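Predicted model, so just to flag it, every value in this text is computed and none were measured. So you know, we letter chains A, B, ... as the sequences are listed, proteins then strands, and number each from 1.
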2 protein chains.
Amino acid sequence: MNTNGGRRRAAKPPTIHDVAREAGVSRGTVSRVLNGGHYVSPAARESVEAAISRTGYVVNRHARSLITGRSDSVAFLLTEPQERFFEDPNFNVLLRACTQSLADHDIPLLLMIAGTEAERRRITRYITAGHVDGVLLVSSHTGDPAADQLRDAGVPLVACGKPIGHTGKVSYVAADDRDGAHDMVRHLYASGRRRIATITGPLDTPGGIDRLAGYRQALAETGLEADERLVATGDYTRVGGEHAAERLLAAVPDMDALFVASDLMAQGALTALKRANRRVPEDIAVGGFDDSPAALATTPELTTIRQPWDRIASEMVRLLLAQIGGADTSAVILPTELVSRGTV
Amino acid sequence: MNTNGGRRRAAKPPTIHDVAREAGVSRGTVSRVLNGGHYVSPAARESVEAAISRTGYVVNRHARSLITGRSDSVAFLLTEPQERFFEDPNFNVLLRACTQSLADHDIPLLLMIAGTEAERRRITRYITAGHVDGVLLVSSHTGDPAADQLRDAGVPLVACGKPIGHTGKVSYVAADDRDGAHDMVRHLYASGRRRIATITGPLDTPGGIDRLAGYRQALAETGLEADERLVATGDYTRVGGEHAAERLLAAVPDMDALFVASDLMAQGALTALKRANRRVPEDIAVGGFDDSPAALATTPELTTIRQPWDRIASEMVRLLLAQIGGADTSAVILPTELVSRGTV
DNA sequence: CTGAAAGCGCTTACAG
DNA sequence: CTGAAAGCGCTTACAG
C-alpha cells in the first residue's frame, strides 16, 4: 500500500548510505565495490552486492558526475539541414547503431540536431560546458565550424566520414569510399559495359570526392575513355539524382552504365531512366552506394556497395571512449562490400 | 597560452562562486537570479547578469540535479523491433520533431531503443532510477509492458498513439485515425470508385483498428457493400503491403480503389499492382496514410492522409512537461488532412 | 583492506 | 531583498 500519498515517484530511491547500513560497512567501501572493487575484501564485496540487490540500489549519476566531472553520456550531433535527415535513411541506420553500441557500455546517447546556425551555437555552448563527455559528429560538408570549435575546446570528438580540412586533427571512421566506388565500376565493366557514367556526391564531401576518384581509377585501369561528359554532380538527394540522370541522358545518350554515389540518388536516377524508356539493367546498368533501405525500395532492387554501418558505429564509439580516456586522435577506414541485386 | 598542460578541457569552467565574487553578491543571490529572479533587486540582478556573461558561466546541471532531484532531461523510448525503425520514415520524422520541441525548452532528449526484452528491462531500470524526468513513448503494439511498468513507477509518460488497453491511465497524443481514414474513403468514392478495398495495419494497433473503422463508416454512409473480401490485414511494412495487395487482387479482381493504412504499405501495394498491370490511378485508385517521405518515393506520388507530426511532437512535449509539473494525464487528438497527389 | 572526513557545485529554507 | 549555512549523494585521498 502506498502510504506516502504522492502521485509522483513512489518512494525516495535508496542511497549508498542505505546500502552501507544493510551491508554493515562504510559508504566508502560501498563506493569502492561500485567502482571496480579494488581494495575490497571478498567478504565485504559479497555483502555489499547482496545489499545492493536487496535494496534495488542504482547509483545516482548526478552525484557521481558532480564529483568525477564526467557526465557518463555522449552526444550524437547532427549538423545537417533538416531535409537531409528526413530523407536519407543512412542517418537512421547510423543513429540506431550508435545508440546500440553505447548502450553496450551503459552510456546514454543525447541526440542533438543543429539545423540552423543559432541551434549550432546553443548546442556548442551546451557541450563545451561539459554536459557530455564526448561527441559523435555527423556532418559531411566542409566548412562546418562545429568540428573546429569542439576540438579547440578540447572536447573528445569522432566524426563519421573524413572531415575535409581537418584530417589528422579530428578522429574519424569511414568506409573505404574510393575502394568501394572502384569495385562497383569494375563490376559494371565486367558486365560488359563500356560507356560508364557517374553521378557524384557534392564535391565538398569526402563521399563526393573519393567515390569519384575510385570511378576514375577504375576507368584508367580498364582503359576506358575518361570523357568528362560522363560525370554529373549530385547532391545526395533523390531529386538531385533524378536531375543529374536527365542531364547525362541528354549529354551522353549512348551511356550503358551508371554508377551513382548514393542509393537515394540512384533511386531518383532510376525514375529518370524509366521516364526515358531505358530498361534497367538491359539497356543500362545502375550501381548505387550505401546499401541503405533505399536500395530495396527500387524495382528492380539496387545493386550497390554496402557501407558497414554497424561496424562504423561501433568503431566510432570505441574511438570516442578511448579518446575520453586520454587516447590520441586516430582514424579507421572500413572495407566495403558489393551487394549484387537486380540493376547490373 | 595554455599553461595547465592538459590535453583535455582547457580550464575548469567558472562556478557560481566565481560569478558571485565577480558580481559582489552571495552565491544565494546568484542562484536566485538563475532560478527566475524572484526576490532579487534590479541592481543585484543586473550585476549578476553582467558577471555571468563576463565569466561565460553555465550552470552545472549535475549539481543542480543532485539537489532538485530532477534531471532536466527526457527520454524518447522506442519499443519497436529494429526492422521497423529502419524501415519506417515516420519514426525519423517524429524523433526529429520531438528533439526540436524539447530543444525549444532547452531540454536534451535521451534516445533509448528497446528492441529486445533484455534491453527493455535495462532501460526501464535506468528510467525508474530517476535518470530522466519523463518519457515520450513510441510503441504501437498492445501488450507492451513498458507503459504499465513506467506508469506504475510513477514516471511521467506520454505515448504517441492511443495505447490500447491503457486508455485513461496513460497520456497520449494521436492523429484522428478514424476521421482520416473516413475522409480518404469518401475521397475515393467521390472519384467515382465503387469497389473500394483496404489494407489495414496490425489489428492490435490503434492505427490498425481505427483506420479500419473509418473505412467501414464511410462505406456504410455511401451505401457501398461491406464485402469482407475487400479487407486485407497488413503489418505496416512494405512487403506486407505488397503481399496484402496480391491477396486482394486474387480475391476481388474487380476492385477499383484501395485505401492503404500506411504509406509504406501503399508503396508495396503499388509494386504489386504494377506487376499485375493495373494502371494507377486509371484502373485503380490508391490512397495512403501518414504523408511520410515514402509518399513521395512512388510513381505517381501518393495521395495520402497527412499526420501532423510537428504538432503531434509539440503536443507530446507539452503534455509531458505539464505532467512533470504535476498535471494529470490527458489525451490530445489532432485533425488530419487529405493531401491530393497522383494516385487517386 | 577499511572508515572518517572533506568536498564536488548547486538550491533552499531560515534569519535577518 | 539578501547572506550564511545546511545538505543533495557520491568519490577519493588520507590515516590507519
**Prompt:** How long is the line joining NE2 of B/H17 and P of C/dC8, in whole Å?
**Reply:** 10 Å
**Request:** Mind checking which stems touch DNA chain D? I mean at least 3 consecutive Watson-Crick or G-U pairs, both distances under 3.5 Å.
**Result:** C:1-3 with D:14-16, C:5-12 with D:5-12, C:14-16 with D:1-3
**Fill in**
note: B/R27, atom CZ; D/dA5, atom P; distance rounded to Å ~ 10 Å
**Prompt:** For the base of C/dG3, is there a side-chain donor-acceptor partner from A/R32 under 3.5 Å away?
**Reply:** yes
**Distance, rounded to the nearest Å, where B/N35 contributes CG and D/dC1 contributes P** = 16 Å
**Interatomic distance, A/R27 atom CZ to A/L34 atom CG [nearest 0.5 angstrom]** = 13.5 Å
**Request:** To the nearest Å, give me how far apart CZ (B/R64) and C1' (C/dG9) are.
**Result:** 11 Å
**Complete:** Winner on side-chain proximity to B/S41, out of C/dC10, D/dC1, D/dT11, is D/dC1
**Request:** Please state whether the phosphate of C/dC10, meaning OP1 or OP2, lies under 4.0 angstrom from any side-chain nitrogen or oxygen of B/T68.
**Result:** no
**Message:** Minimum heavy-atom separation for A/A75 and A/I127, please, with both atom names.
**Reply:** CB-CD1, 4.4 Å
**Request:** Please state how far atom NE2 in A/H62 lies from atom C1' in C/dC8, giving the value in whole angstrom units.
**Result:** 15 Å
**Prompt:** Within less than 4.0 Å of OP1 or OP2 of C/dT11, is there a side-chain N or O belonging to B/Y39?
**Reply:** no
**Prompt:** Do any side-chain nitrogens or oxygens of A/K12 fall under 4.0 Å of OP1 or OP2 in D/dG9?
**Reply:** yes
**Complete:** Ranking A/V30 and B/G28 by the position along DNA chain D of their nearest nucleotide, the one closer to 5' is B/G28
**Prompt:** A/S26 side chain N/O closer than 4.0 Å to the phosphate oxygens (OP1, OP2) of C/dG3?
**Reply:** yes
**Prompt:** Taking atom C1' of D/dC8 as reference, at what distance in whole Å does atom CG of B/N60 sit?
**Reply:** 13 Å
**Message:** Suppose you measure atom C1' in C/dT12 against the same atom in C/dG16; what distance do you get, rounded to whole Å?
**Reply:** 16 Å
**Prompt:** In whole Å, what is the span from the CG atom of B/L66 to the C1' atom of C/dC10?
**Reply:** 8 Å
**Prompt:** Which whole-number value in Å describes the distance from A/R70 CZ to C/dG9 P?
**Reply:** 16 Å
**Asked** Roughly how far apart, to the nearest Å, are D/dG9 and D/dA13 at atom P?
**Response** 23 Å
**Complete:** Heavy-atom closest pair (A/S139 atom, A/T79 atom, distance to 0.1 Å) is CB-OG1, 2.5 Å
